[in-house]
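Single-structure report; data block below.
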Amino acid sequence: MNRCKVSIWILLSLILLCFFSLAEIQKQCREYLVIIDNIQNAVDSGNTEQALADFAMLESQWKAYHEINGIFVNGSELDSIREIMSGLQPLIAGKHPEVNSELHKMRELITAVYEEELPEIWHIL
Amino acid sequence: MTIVLIRSFILYLVVMFSVRLMGKRQLGELQPAELVVTILISNIATLALEDIEIPLLHGILPILALVCYEVIASWISLKSVRFRRWISGSPKILIRNGIIDQEMMKTLRFSVDDLMAALRMGGVFYLEDVQFAIVETNGSVSVYQKSACQPAEKQDLQAFQPSIDPPQTIIADGHLREKSLSAIGQDRTWLDNILHQEKISIQDIFIFTADKSCAYHLIPKGANAS
(Lines give C-alpha, C1' and ligand atoms only; values in the text may rest on other atoms or scores of the structure.)
Protein backbone atom coordinates (compact mmCIF):
# COMPACT_ATOMS: atom_id res chain seq x y z
CA MET A 1 0.00 0.00 0.00
CA ASN A 2 2.90 2.33 0.83
CA ARG A 3 4.44 1.67 -2.56
CA CYS A 4 1.12 2.44 -4.17
CA LYS A 5 0.88 5.75 -2.28
CA VAL A 6 4.44 6.68 -3.25
CA SER A 7 3.65 5.80 -6.88
CA ILE A 8 0.53 7.96 -6.87
CA TRP A 9 2.51 10.86 -5.41
CA ILE A 10 5.25 10.45 -7.99
CA LEU A 11 2.69 10.29 -10.79
CA LEU A 12 0.97 13.45 -9.52
CA SER A 13 4.36 15.19 -9.30
CA LEU A 14 5.17 14.12 -12.85
CA ILE A 15 1.81 15.42 -14.10
CA LEU A 16 2.45 18.74 -12.32
CA LEU A 17 5.93 18.87 -13.82
CA CYS A 18 4.45 18.30 -17.28
CA PHE A 19 1.97 21.13 -16.80
CA PHE A 20 4.73 23.40 -15.49
CA SER A 21 7.04 22.61 -18.41
CA LEU A 22 4.21 23.19 -20.89
CA ALA A 23 3.32 26.53 -19.30
CA GLU A 24 6.97 27.58 -19.11
CA ILE A 25 7.68 26.66 -22.75
CA GLN A 26 4.47 28.38 -23.87
CA LYS A 27 5.40 31.55 -21.96
CA GLN A 28 8.92 31.62 -23.37
CA CYS A 29 7.83 30.89 -26.93
CA ARG A 30 5.25 33.65 -26.82
CA GLU A 31 7.87 36.11 -25.58
CA TYR A 32 10.29 35.04 -28.30
CA LEU A 33 7.62 35.34 -30.99
CA VAL A 34 6.68 38.87 -29.83
CA ILE A 35 10.33 39.96 -30.03
CA ILE A 36 10.77 38.29 -33.44
CA ASP A 37 7.67 40.18 -34.66
CA ASN A 38 9.19 43.41 -33.33
CA ILE A 39 12.44 42.67 -35.19
CA GLN A 40 10.46 41.91 -38.34
CA ASN A 41 8.50 45.20 -38.03
CA ALA A 42 11.70 47.19 -37.44
CA VAL A 43 13.39 45.51 -40.44
CA ASP A 44 10.31 46.16 -42.62
CA SER A 45 10.29 49.85 -41.66
CA GLY A 46 14.05 50.10 -42.29
CA ASN A 47 14.83 50.90 -38.64
CA THR A 48 18.04 48.88 -38.28
CA GLU A 49 18.94 50.32 -34.86
CA GLN A 50 15.59 49.28 -33.43
CA ALA A 51 15.93 45.85 -35.07
CA LEU A 52 19.39 45.39 -33.52
CA ALA A 53 18.11 46.54 -30.12
CA ASP A 54 15.25 44.02 -30.36
CA PHE A 55 17.68 41.33 -31.45
CA ALA A 56 19.88 42.09 -28.41
CA MET A 57 16.77 41.67 -26.26
CA LEU A 58 16.03 38.33 -27.95
CA GLU A 59 19.58 37.17 -27.35
CA SER A 60 19.56 38.13 -23.66
CA GLN A 61 16.16 36.47 -23.23
CA TRP A 62 17.52 33.33 -24.92
CA LYS A 63 20.54 33.27 -22.61
CA ALA A 64 18.34 33.79 -19.56
CA TYR A 65 15.96 30.95 -20.47
CA HIS A 66 18.51 28.64 -22.05
CA GLU A 67 19.06 26.45 -18.96
CA ILE A 68 15.34 25.94 -18.36
CA ASN A 69 14.81 25.18 -22.05
CA GLY A 70 17.56 22.58 -21.94
CA ILE A 71 15.74 20.65 -19.21
CA PHE A 72 12.51 20.27 -21.17
CA VAL A 73 13.35 20.56 -24.87
CA ASN A 74 15.45 18.29 -27.06
CA GLY A 75 18.95 19.71 -27.58
CA SER A 76 18.85 19.40 -31.38
CA GLU A 77 15.76 21.64 -31.59
CA LEU A 78 17.46 24.31 -29.49
CA ASP A 79 20.64 24.00 -31.57
CA SER A 80 18.70 24.75 -34.78
CA ILE A 81 17.28 27.95 -33.26
CA ARG A 82 20.66 28.95 -31.85
CA GLU A 83 22.27 28.40 -35.24
CA ILE A 84 19.88 30.82 -36.92
CA MET A 85 20.26 33.31 -34.08
CA SER A 86 24.04 33.31 -34.36
CA GLY A 87 23.86 34.46 -37.99
CA LEU A 88 21.03 36.93 -37.60
CA GLN A 89 22.87 39.98 -36.22
CA PRO A 90 25.19 40.55 -39.22
CA LEU A 91 22.23 40.05 -41.56
CA ILE A 92 20.21 42.72 -39.73
CA ALA A 93 23.18 45.09 -39.51
CA GLY A 94 23.92 44.63 -43.24
CA LYS A 95 20.22 45.08 -44.14
CA HIS A 96 20.48 41.80 -45.95
CA PRO A 97 17.25 40.56 -47.67
CA GLU A 98 17.82 37.07 -46.15
CA VAL A 99 16.78 38.47 -42.76
CA ASN A 100 13.11 37.89 -43.58
CA SER A 101 13.53 34.21 -44.43
CA GLU A 102 15.77 33.64 -41.38
CA LEU A 103 13.26 35.33 -39.08
CA HIS A 104 10.49 33.24 -40.63
CA LYS A 105 12.51 30.07 -40.14
CA MET A 106 13.17 30.99 -36.52
CA ARG A 107 9.50 31.74 -35.91
CA GLU A 108 8.55 28.35 -37.35
CA LEU A 109 11.11 26.50 -35.22
CA ILE A 110 10.03 28.25 -32.03
CA THR A 111 6.37 27.60 -32.79
CA ALA A 112 7.21 23.94 -33.43
CA VAL A 113 8.98 23.66 -30.05
CA TYR A 114 5.82 24.76 -28.28
CA GLU A 115 3.33 22.95 -30.50
CA GLU A 116 5.15 19.62 -30.25
CA GLU A 117 4.75 19.76 -26.48
CA LEU A 118 0.97 20.09 -26.68
CA PRO A 119 -0.77 16.83 -25.71
CA GLU A 120 -2.77 16.56 -28.91
CA ILE A 121 -3.67 13.24 -30.47
CA TRP A 122 -1.51 13.67 -33.61
CA HIS A 123 1.50 14.53 -31.44
CA ILE A 124 0.87 11.52 -29.20
CA LEU A 125 0.52 9.19 -32.17
CA MET B 1 32.44 12.86 -21.05
CA THR B 2 31.90 14.29 -17.58
CA ILE B 3 28.28 14.94 -18.46
CA VAL B 4 27.81 11.30 -19.51
CA LEU B 5 29.40 10.18 -16.24
CA ILE B 6 27.09 12.36 -14.14
CA ARG B 7 24.02 11.46 -16.21
CA SER B 8 24.81 7.74 -15.87
CA PHE B 9 25.06 8.12 -12.08
CA ILE B 10 21.71 9.94 -11.91
CA LEU B 11 20.07 7.33 -14.16
CA TYR B 12 21.60 4.55 -12.06
CA LEU B 13 19.98 6.07 -8.97
CA VAL B 14 16.64 6.45 -10.76
CA VAL B 15 16.67 2.87 -12.09
CA MET B 16 17.69 1.50 -8.68
CA PHE B 17 14.91 3.49 -7.02
CA SER B 18 12.47 2.23 -9.66
CA VAL B 19 13.43 -1.42 -9.14
CA ARG B 20 13.11 -0.97 -5.36
CA LEU B 21 9.74 0.70 -5.82
CA MET B 22 8.53 -2.26 -7.90
CA GLY B 23 9.42 -4.47 -4.94
CA LYS B 24 10.92 -7.88 -4.30
CA ARG B 25 8.21 -9.63 -6.34
CA GLN B 26 9.77 -8.03 -9.38
CA LEU B 27 13.21 -9.48 -8.67
CA GLY B 28 12.09 -13.04 -8.06
CA GLU B 29 9.57 -13.77 -10.78
CA LEU B 30 8.44 -11.75 -13.75
CA GLN B 31 4.78 -11.52 -14.61
CA PRO B 32 4.07 -10.49 -18.23
CA ALA B 33 3.43 -6.84 -17.31
CA GLU B 34 6.58 -6.71 -15.17
CA LEU B 35 8.68 -8.17 -17.96
CA VAL B 36 7.39 -5.48 -20.34
CA VAL B 37 8.17 -2.71 -17.82
CA THR B 38 11.66 -4.10 -17.14
CA ILE B 39 12.53 -4.23 -20.85
CA LEU B 40 11.14 -0.73 -21.43
CA ILE B 41 13.06 0.73 -18.48
CA SER B 42 16.35 -0.70 -19.69
CA ASN B 43 15.75 0.66 -23.19
CA ILE B 44 14.73 4.14 -22.04
CA ALA B 45 17.68 4.36 -19.66
CA THR B 46 20.05 3.39 -22.47
CA LEU B 47 18.66 6.06 -24.81
CA ALA B 48 19.04 8.81 -22.23
CA LEU B 49 22.55 7.56 -21.41
CA GLU B 50 23.79 7.43 -24.97
CA ASP B 51 22.34 10.64 -26.36
CA ILE B 52 23.14 13.74 -24.34
CA GLU B 53 20.96 15.77 -26.74
CA ILE B 54 17.96 14.14 -25.05
CA PRO B 55 17.13 15.97 -21.81
CA LEU B 56 17.69 13.72 -18.81
CA LEU B 57 14.14 14.46 -17.75
CA HIS B 58 12.90 12.78 -20.95
CA GLY B 59 14.59 9.61 -19.68
CA ILE B 60 13.68 9.85 -16.02
CA LEU B 61 10.03 10.79 -16.53
CA PRO B 62 8.97 7.71 -18.53
CA ILE B 63 10.95 5.37 -16.26
CA LEU B 64 9.21 6.70 -13.15
CA ALA B 65 5.85 6.82 -14.89
CA LEU B 66 6.14 3.19 -16.07
CA VAL B 67 7.11 1.99 -12.61
CA CYS B 68 4.22 3.93 -11.05
CA TYR B 69 1.78 2.42 -13.56
CA GLU B 70 3.13 -1.02 -12.75
CA VAL B 71 2.87 -0.56 -8.97
CA ILE B 72 -0.65 0.86 -9.24
CA ALA B 73 -1.66 -1.93 -11.65
CA SER B 74 -0.33 -4.60 -9.29
CA TRP B 75 -2.21 -2.94 -6.40
CA ILE B 76 -5.43 -2.96 -8.42
CA SER B 77 -4.80 -6.58 -9.40
CA LEU B 78 -4.59 -7.42 -5.68
CA LYS B 79 -8.06 -5.95 -5.23
CA SER B 80 -9.69 -7.21 -8.42
CA VAL B 81 -9.50 -10.82 -9.62
CA ARG B 82 -10.85 -9.83 -13.05
CA PHE B 83 -8.14 -7.18 -13.48
CA ARG B 84 -5.48 -9.64 -12.29
CA ARG B 85 -6.61 -12.22 -14.87
CA TRP B 86 -6.57 -9.55 -17.56
CA ILE B 87 -3.04 -8.37 -16.63
CA SER B 88 -1.37 -11.66 -15.72
CA GLY B 89 -3.62 -14.31 -17.28
CA SER B 90 -4.60 -17.40 -15.34
CA PRO B 91 -2.81 -20.71 -14.68
CA LYS B 92 -3.48 -23.37 -17.34
CA ILE B 93 -3.67 -27.08 -16.65
CA LEU B 94 -1.53 -29.14 -19.03
CA ILE B 95 -1.94 -32.51 -17.35
CA ARG B 96 -5.16 -33.28 -15.50
CA ASN B 97 -5.53 -36.57 -13.60
CA GLY B 98 -2.56 -37.94 -15.52
CA ILE B 99 -4.04 -37.09 -18.95
CA ILE B 100 -2.29 -34.56 -21.17
CA ASP B 101 -4.56 -31.82 -22.46
CA GLN B 102 -3.28 -31.70 -26.04
CA GLU B 103 -5.60 -28.87 -27.03
CA MET B 104 -4.23 -26.73 -24.19
CA MET B 105 -0.69 -27.57 -25.30
CA LYS B 106 -1.54 -26.28 -28.78
CA THR B 107 -3.14 -23.17 -27.32
CA LEU B 108 -0.04 -22.44 -25.22
CA ARG B 109 2.28 -23.45 -28.10
CA PHE B 110 3.86 -25.94 -25.71
CA SER B 111 5.75 -28.76 -27.45
CA VAL B 112 6.19 -32.25 -26.00
CA ASP B 113 9.88 -31.44 -25.49
CA ASP B 114 8.94 -28.30 -23.55
CA LEU B 115 6.60 -30.35 -21.38
CA MET B 116 9.19 -33.06 -20.72
CA ALA B 117 11.85 -30.45 -19.92
CA ALA B 118 9.48 -28.70 -17.51
CA LEU B 119 8.67 -32.01 -15.79
CA ARG B 120 12.35 -32.88 -15.47
CA MET B 121 13.02 -29.46 -13.97
CA GLY B 122 10.25 -30.30 -11.50
CA GLY B 123 12.14 -33.46 -10.57
CA VAL B 124 9.82 -35.85 -12.46
CA PHE B 125 11.24 -38.13 -15.14
CA TYR B 126 8.25 -40.41 -15.79
CA LEU B 127 5.22 -38.86 -17.44
CA GLU B 128 2.95 -41.48 -15.89
CA ASP B 129 3.92 -40.25 -12.40
CA VAL B 130 2.25 -36.89 -12.96
CA GLN B 131 -1.20 -36.21 -11.58
CA PHE B 132 -1.30 -32.48 -12.44
CA ALA B 133 0.97 -30.13 -14.38
CA ILE B 134 0.01 -26.48 -14.36
CA VAL B 135 1.55 -23.64 -16.35
CA GLU B 136 1.67 -20.68 -13.96
CA THR B 137 1.11 -17.08 -15.07
CA ASN B 138 4.87 -16.40 -15.04
CA GLY B 139 5.47 -19.32 -17.45
CA SER B 140 6.87 -21.81 -14.93
CA VAL B 141 5.34 -25.29 -14.68
CA SER B 142 4.19 -26.68 -11.33
CA VAL B 143 4.09 -30.45 -11.11
CA TYR B 144 2.01 -32.50 -8.69
CA GLN B 145 2.90 -36.18 -8.63
CA LYS B 146 0.51 -39.07 -8.13
CA SER B 147 0.19 -40.06 -4.49
CA ALA B 148 2.12 -43.31 -4.93
CA CYS B 149 5.05 -41.47 -6.50
CA GLN B 150 5.37 -38.71 -3.94
CA PRO B 151 8.37 -38.98 -1.60
CA ALA B 152 7.58 -40.11 1.92
CA GLU B 153 7.48 -37.37 4.54
CA LYS B 154 8.14 -37.60 8.26
CA GLN B 155 4.43 -37.61 9.00
CA ASP B 156 3.98 -40.60 6.65
CA LEU B 157 6.55 -42.45 8.78
CA GLN B 158 4.91 -41.09 11.94
CA ALA B 159 8.26 -39.62 12.96
CA PHE B 160 6.88 -36.39 14.33
CA GLN B 161 9.21 -33.70 15.54
CA PRO B 162 8.31 -30.22 16.72
CA SER B 163 9.02 -27.52 14.16
CA ILE B 164 12.17 -25.52 14.90
CA ASP B 165 12.89 -22.08 13.47
CA PRO B 166 15.94 -21.95 11.21
CA PRO B 167 19.21 -20.74 12.78
CA GLN B 168 20.05 -17.03 12.71
CA THR B 169 23.39 -15.50 11.80
CA ILE B 170 24.43 -13.81 15.02
CA ILE B 171 27.95 -12.74 14.03
CA ALA B 172 29.06 -12.23 10.44
CA ASP B 173 32.63 -11.31 9.57
CA GLY B 174 33.36 -9.93 13.06
CA HIS B 175 30.13 -7.89 13.30
CA LEU B 176 27.42 -8.64 15.83
CA ARG B 177 23.78 -8.59 14.67
CA GLU B 178 21.74 -7.59 17.71
CA LYS B 179 18.41 -8.20 15.93
CA SER B 180 19.32 -11.82 15.18
CA LEU B 181 20.33 -12.32 18.79
CA SER B 182 16.95 -11.12 20.03
CA ALA B 183 15.21 -13.16 17.29
CA ILE B 184 16.43 -16.39 18.93
CA GLY B 185 15.35 -15.05 22.33
CA GLN B 186 18.85 -14.61 23.75
CA ASP B 187 20.82 -11.65 25.02
CA ARG B 188 24.38 -10.41 25.07
CA THR B 189 25.16 -12.22 28.33
CA TRP B 190 24.41 -15.61 26.72
CA LEU B 191 26.63 -14.74 23.78
CA ASP B 192 29.45 -13.47 26.05
CA ASN B 193 29.35 -16.75 28.01
CA ILE B 194 29.73 -18.78 24.81
CA LEU B 195 32.54 -16.56 23.56
CA HIS B 196 34.22 -16.92 26.94
CA GLN B 197 33.92 -20.73 26.76
CA GLU B 198 35.27 -20.75 23.22
CA LYS B 199 38.01 -18.25 24.20
CA ILE B 200 37.34 -16.05 21.19
CA SER B 201 36.29 -12.43 20.63
CA ILE B 202 33.60 -11.18 18.24
CA GLN B 203 36.20 -9.61 15.94
CA ASP B 204 37.86 -13.01 15.43
CA ILE B 205 34.68 -14.81 14.34
CA PHE B 206 33.91 -15.34 10.67
CA ILE B 207 30.42 -16.71 11.20
CA PHE B 208 28.37 -17.63 14.26
CA THR B 209 24.89 -19.10 13.87
CA ALA B 210 22.45 -20.20 16.56
CA ASP B 211 18.82 -21.29 16.84
CA LYS B 212 16.15 -21.00 19.51
CA SER B 213 17.28 -24.21 21.17
CA CYS B 214 20.62 -22.42 21.76
CA ALA B 215 22.48 -24.86 19.51
CA TYR B 216 25.23 -22.89 17.83
CA HIS B 217 27.85 -23.21 15.14
CA LEU B 218 31.01 -21.13 15.16
CA ILE B 219 33.68 -20.65 12.51
CA PRO B 220 36.69 -18.47 13.45
CA LYS B 221 38.31 -16.20 10.90
CA GLY B 222 40.95 -18.00 8.85
CA ALA B 223 39.54 -21.46 9.65
CA ASN B 224 37.93 -23.80 7.10
CA ALA B 225 34.22 -24.52 7.60
CA SER B 226 33.51 -28.00 8.95
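Basis for what follows: all heavy atoms, side chains included, without hydrogens, waters or symmetry-related copies. Throughout, protein chains are lettered first and strands after them, A, B, ... in sequence-line order, and every chain is numbered starting at 1.
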[X] atom [atom1], neighbour heavy-atom count above 12 within 6.0 Å:
| X | atom1 | result |
| --- | --- | --- |
| B/Met116 | CE | yes |
| A/Arg82 | CZ | yes |
| B/Phe206 | CZ | no |
| B/Lys212 | NZ | no |
| B/Tyr144 | OH | no |
| B/Gln150 | CD | yes |

Taking atom [atom1] of [X] and atom [atom2] of [Y], what is their separation to the nearest 0.5 Å?
| X | Y | atom1 | atom2 | result |
| --- | --- | --- | --- | --- |
| A/Leu14 | B/Leu57 | CG | CG | 8.5 Å |
| B/Ser18 | A/Ile10 | OG | CD1 | 7.5 Å |
| B/Asp51 | A/Ser76 | CG | OG | 8.0 Å |

Sort A/Leu17 into side chain, backbone, both or neither according to what part of it lies under 4.5 angstrom from a heavy atom of chain B.
side chain
Would a distance-only check, ignoring hydrogens and angles, find a side-chain to backbone donor-acceptor pair under 3.5 Å from B/His58 to A/Phe72?
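Looks like yes, one N/O pair under 3.5 Å.
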Is a donor on one side and an acceptor on the other found under 3.5 Å between the side chain of A/Arg3 and the backbone of B/Arg20?
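Between the backbone of B/Arg20 and the side chain of A/Arg3 there is a qualifying donor-acceptor contact (under 3.5 Å).
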Any non-hydrogen side-chain atom of A/Ser7 less than 4.5 Å from a side-chain atom of B/Val67?
no
Test A/Leu11 against B/Ile72 for side chain to side chain contact (heavy atoms under 4.5 Å, CB included), laying out the working first.
CA-CA 10 Å; A/Leu11 261 185; B/Ile72 292 167; 3.6 Å; yes
Please state whether the side chain, the backbone, both or neither of B/Leu56 comes within less than 4.5 Å of a heavy atom of chain A.
neither
